[in-house]
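Values below: all heavy atoms of this structure, side chains included; hydrogens, waters and symmetry mates excluded. Residue indices begin at 1 and follow the sequence shown.
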Amino acid sequence: MKYTHLGRTGTTVSRIVLGTMNFGDRTSEEDSFAIMDRALELGVNFFDTANAYGGSAGRGATEEIIGRWFAARPGVRDDIVLATKVHSPMVAPNDDGSDVVNARGASAWQVRREAIASLERLQTDRIDLYQFHHIDRHISWQELWQAMEVLVARGEVVYTGSSNFAAWNIAQANEVASQRHFLGLVSEQSLYNLAQRSIELEVIPAAQHYGLGILPWSPLSGGLLSGGSSDKRARSGESRITEARAKQQEQLDAYDHFASERGWTSASLGLAWLLHQPGVTGPIIGPRTIEQLESAVAAVDIELSADDLAALDELFPGPGGQAPEAYAW
């Protein structure tokens, strides 16, 4: 495994992040335990989850599985940099489909309540990286940072991060945090992969300016970049990936050939490309099997040459540089 610092912090994390979104839903608890055991053996020390993960097992089920894994392995908690998220509703909606009052968002009231609930489910005394799963446009940063300052002072949260933020959200958040003499955001989770590179326009430059590490989610575009057999493995459903692949068949065939002629899997290549991008701490993988985990970890050993990166840029063009040049002239 290779390691780097989490954004501008002094905490060292693995360059592959274990995403747990399948635990309790598409991956049994027994298999989830085995994947976490193997991840630790492979040197993966950065685990990511969310309060709402669980799928068919119910909201919170994924955190509960991780909590039981910690409980069954005394001492392992201090080996893990644990990240979770807050924003999504944790109760079923009303009969008319509307949210239950105060069920969603990042108000001080909500953040405090959900932090306590996540700590209980995870069976831990702290959340190492507490992330806002989405921007909450209905609250002020003064309110949000006040809530986080209390959690940090109590030792229940170490760092804060964001997910799915725009560049100006990152700037606003960290400018207000600076005014309050608070560390602010240290990471940003964004949709980022060879097929979706729009964050290169503004989010990545903003993250680098403010010292946030980029944690790409869906690093293989939901299975699109996992190779020809990915259709049956796609997390979002076979039909969506099959349709998407049909529209980009020639491009994806060229990509698969590029990987295979160099002795790499398509999936490993997609992750390796992200590891070569500026500002990226590590992609978040979501393995459902140990084999998928091991394939993902192999990406850290792939060294892409300047010619390789240029060829991939030609195959999957980015947005054309950074803003405003990319669209101003």
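- Side chain to side chain, D48 and Q189 meet the donor-acceptor criterion of an N or O pair below 3.5 Å.
- With a 4.5 Å cut-off on side-chain heavy atoms, Y210 and L185 do not count as touching.
- A salt bridge links E303 to K2: at least one charged side-chain nitrogen sits closer than 4.0 Å to a carboxylate oxygen.
- Side-chain atoms of S118 and E63 include a donor-acceptor pair closer than 3.5 Å.
- Remark: the backbone N or O of Y130 is not paired with any side-chain donor or acceptor of T160 at under 3.5 angstrom.
- Listed for the Y3 side chain is a donor-acceptor partner under 3.5 Å among the backbone atoms of G43.
- Under 3.5 Å, the side chains of S190 and E188 contain a donor-acceptor pair of N or O atoms.
- A side-chain donor-acceptor contact under 3.5 Å links Q196 and S198.
- In this structure, the side chain of D128 engages the main chain of L82 through a donor-acceptor pair within 3.5 Å.
- Screening V300, L304, I302, T281 against L275 for a side chain to side chain contact (heavy atoms under 4.5 Å, CB included) leaves a single residue, V300.
- Cluster annotation: W168 is not connected to F165 through the hydrophobic network of ILVMFWY side chains, with a link wherever side-chain heavy atoms come within less than 4.5 Å.
- Under a 3.5 Å cut-off, the side chain of R15 and the backbone N or O of T4 do not form any donor-acceptor pair.
- Between the E156 side chain and the I127 main chain, no donor and acceptor come within less than 3.5 Å of each other.
- With contacts defined as side-chain heavy-atom distances shorter than 4.5 Å, the pair T27/P287 does not qualify.
- E30 CD: 12 or fewer foreign heavy atoms inside a 6.0 Å radius.
- Of the listed residues (H134, H138, H133), just one forms a ring pair (Phe, Tyr, Trp, His ring centres under 6.0 Å) with H87, and that residue is H134.
- Between the side chains of T62 and T20, no donor-acceptor pair of N or O atoms lies under 3.5 Å.
- In terms of modelled atom types and a separation under 3.5 Å, the side chain of R68 and the main chain of Q123 share no donor-acceptor contact.
- Cluster annotation: F33 is connected to V76 through the hydrophobic network of ILVMFWY side chains, with a link wherever side-chain heavy atoms come within less than 4.5 Å.
- The aromatic rings of W145 and F132 lie perpendicular to each other, with more than 60° between the two planes, well past the 30° mark.
- Residues F23 and M36 form a side-chain contact, since some pair of their non-hydrogen atoms from C-beta on lies under 4.5 Å apart.
- Remark: side-chain polar atoms of N45 are paired, donor with acceptor, to backbone N or O of S14 under 3.5 angstrom.
- Not one N or O on the side chain of D313 forms a donor-acceptor pair closer than 3.5 Å with the backbone of A310.
- For R77 and D125, the salt-bridge test fails: no basic side-chain N is under 4.0 Å from an acidic carboxylate O.
- Counted within 6.0 Å of CD on E250, heavy atoms from surrounding residues, nucleotides or ligands total 12 or fewer; the atom is thus considered open.
- The neighbour count for E314 CD, taken as heavy atoms of other residues, nucleotides or ligands under 6.0 Å away, does not exceed 12.
- Side-chain N or O atoms of Q322 include none that pairs as donor or acceptor with a backbone N or O of L201 at under 3.5 Å.
- Aromatic pair F47/W69: ring centres closer than 6.0 Å.
- Residues meeting the salt bridge (Lys or Arg N to Asp or Glu O under 4.0 Å) test with E294, sequence neighbours left out: R38.
- Between P283 and L274, the closest heavy-atom pair is CB-CD1, 3.9 Å.
- Residues L225 and F258 fall within the same hydrophobic cluster, defined by Ile, Leu, Val, Met, Phe, Trp and Tyr side chains chained together at heavy-atom separations under 4.5 Å.
- Taking a cutoff of 4.0 Å between a charged side-chain nitrogen and a carboxylate oxygen, D31 and R288 do not qualify as a salt bridge.
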